[in-house]
Amino acid sequence: MMKLLSVVGARPNFMKIGPIIDALKGLPEVEHCLVHSGQHYDELLSGNFFADLGLPKPDVNLQAGSGSHAVQTAEIMKRIEPVLLDYKPQMVLVVGDVNSTIAAALTAVKLGIGVAHIEAGLRSFDMTMPEEINRKLTDAISSLLFVTEQSGVENLKHEGVPAEKVFLVGNVMIDCLLRHRELAAGSPILDQLGMRQKNGSGCRPYGVLTLHRPSNVDDPKILQGILEAVSALSVELPVFFPVHPRTRKNIENFGLLRYLASATEGGRGIVPLDPLGYLDFLSLNDRARIVLTDSGGVQEETTVLGVPCLTLRENTERPATVEHGSNQVVGVDSDRILAAAQSILRKPAPPLQRPPLWDGQAAPRIVAILREHLQRRDLA
Ligand code: UD1
Ligand code: UDP
């Protein structure tokens, strides 16, 4: 029997665990428990993704909720420990770089349970990012490290992680995208936003913006600079902005609502939307002329969709999206963002290229390695 327990908590975790759950299906020797930490709890950041992705209801919801980093991480640790003691998994699977990832990994390893980290090895080399701390700590205590791109393998090697723990397997988030792209094409979002051409011949050009990194949205000057740049861009084409709750709160508190178009402006300016479900967001990105973002996952998805992406940060932990993909890291200077965006609009979209192994088969590779590892351990 292979007894596994996976932990999810925040929006980008759900699309990463989906393909793993699919790859485990139909294996009679596998028993799997899905734990939701409750880090994200709104329907728009959590529940809708279970529906869109056809994920099973979590076996356990820890309902840890929001809080400071210490409070949230500690709360998840406190609440997951009895679950691990009771379920006794042979291995805990964690994904990505959120507080739920490190909280679950640290609790498991202290109980003597092995941890497999999916999306290991990525580094922004910016320790002011909470995610960078989570990544480094999780990698340091994991026994299997599943890596999405070559840079991750090299980062782990430099950190002294033994090569036999490290597996370059591709990208589960891209597995999820490739599996849902066709379904997403049936989303009504483009009609709802008035972007579909009346004669059915395609779409009007538009952009997409997402922002939620604390370094961008918790600083009033930086947030204002970004909104100024995108507002200037939105004179040329409407820019749809599904707004993360952290960002919405700050736009209101910092008095920046004037940068957002009102509902009566008919798809002009920066058009704020509620956070979108996975299929609507995928459909919107797939046909976008340009995406501006500080999201990690969106940099990867636009690479595979071949949509030009401007990353509004000073660095990326996902350099493959720049080397192989359509991503440019432009920083947060207002003039630079606008100039880079205008230059994209004047050129044809770049030729489509994918990083090696981003082929939709990462999850089956991970599951095959997990089975072999656990079988070998049983025999030892
Ligand atoms: C978290 C992750 C980040 C990830 C992002 C994905 C950490 C440190 N950060 O950031 O890496 O990119 O999720 O979206 O783990 N809130 C709601 N409803 C919710 C959840 C949160 O309104 O369901 C609000 C609360 O005011 C909360 C704030 O958003 O304080 C921030 O939530 P939190 O989970 O702490 O961090 P995110 O910014 O979402
Ligand atoms: N996403 C979504 N709806 C949105 C914004 C993002 O479905 O309104 C998806 C996006 O396609 C990707 C994931 O959420 O799969 C990325 O999550 P997020 O940007 O919150 O976190 P990050 O990747 O930066 O950690």
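These numbers come from a predicted model, not from an experiment. Along the sequence shown, the residues carry numbers beginning at 1.
Residues S295 and H212 bring no donor and acceptor atom of their side chains to less than 3.5 Å of each other. Remark: the S100 side chain and the Q39 side chain contain an N/O donor-acceptor pair separated by less than 3.5 Å. T321 and N327 form a side-chain donor-acceptor contact under 3.5 Å, judged by distance and modelled atom types alone. The closest side-chain donor-acceptor pair between Q299 and T316 falls under 3.5 angstrom.
In this structure, R258 contributes its side chain and G255 its backbone to a donor-acceptor pair below 3.5 Å. The backbone N or O of M1 sits nowhere less than 3.5 Å from a side-chain atom of E29 that would complete a donor-acceptor pair.
For E182, the CD atom is loosely surrounded, since the number of other residues' heavy atoms within 6.0 Å does not exceed 12. Within a 6.0 Å sphere centred on CZ of R268, heavy atoms belonging to other residues, nucleotides or ligands number 12 at most.
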Exercise. Decide yes or no on side chain to side chain donor-acceptor pair (under 3.5 Å) for N134 and D97, but give the supporting numbers first.
Key: CA-CA 5 Å; N134 293 342; D97 54 18; over 6 Å; no

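Ring centroids of H36 and F14 are separated by less than 6.0 Å, placing the two rings close together. Checked against a 6.0 Å centroid threshold, the rings of Y278 and H180 count as neighbours.
Applying side chain to side chain contact (heavy atoms under 4.5 Å, CB included) to L84 and the options V7, V35, V92 leaves one that passes, V92.
Taking the ring centre of F50 as origin, the terminal cationic atom of K57 falls outside the region bounded by 6.0 Å and 45° from the ring axis.
Between R318 and L122, the closest side-chain pair of non-hydrogen atoms falls below 4.5 Å. The side-chain heavy atoms of V304 and W358, taken from C-beta on, include a pair separated by under 4.5 Å.
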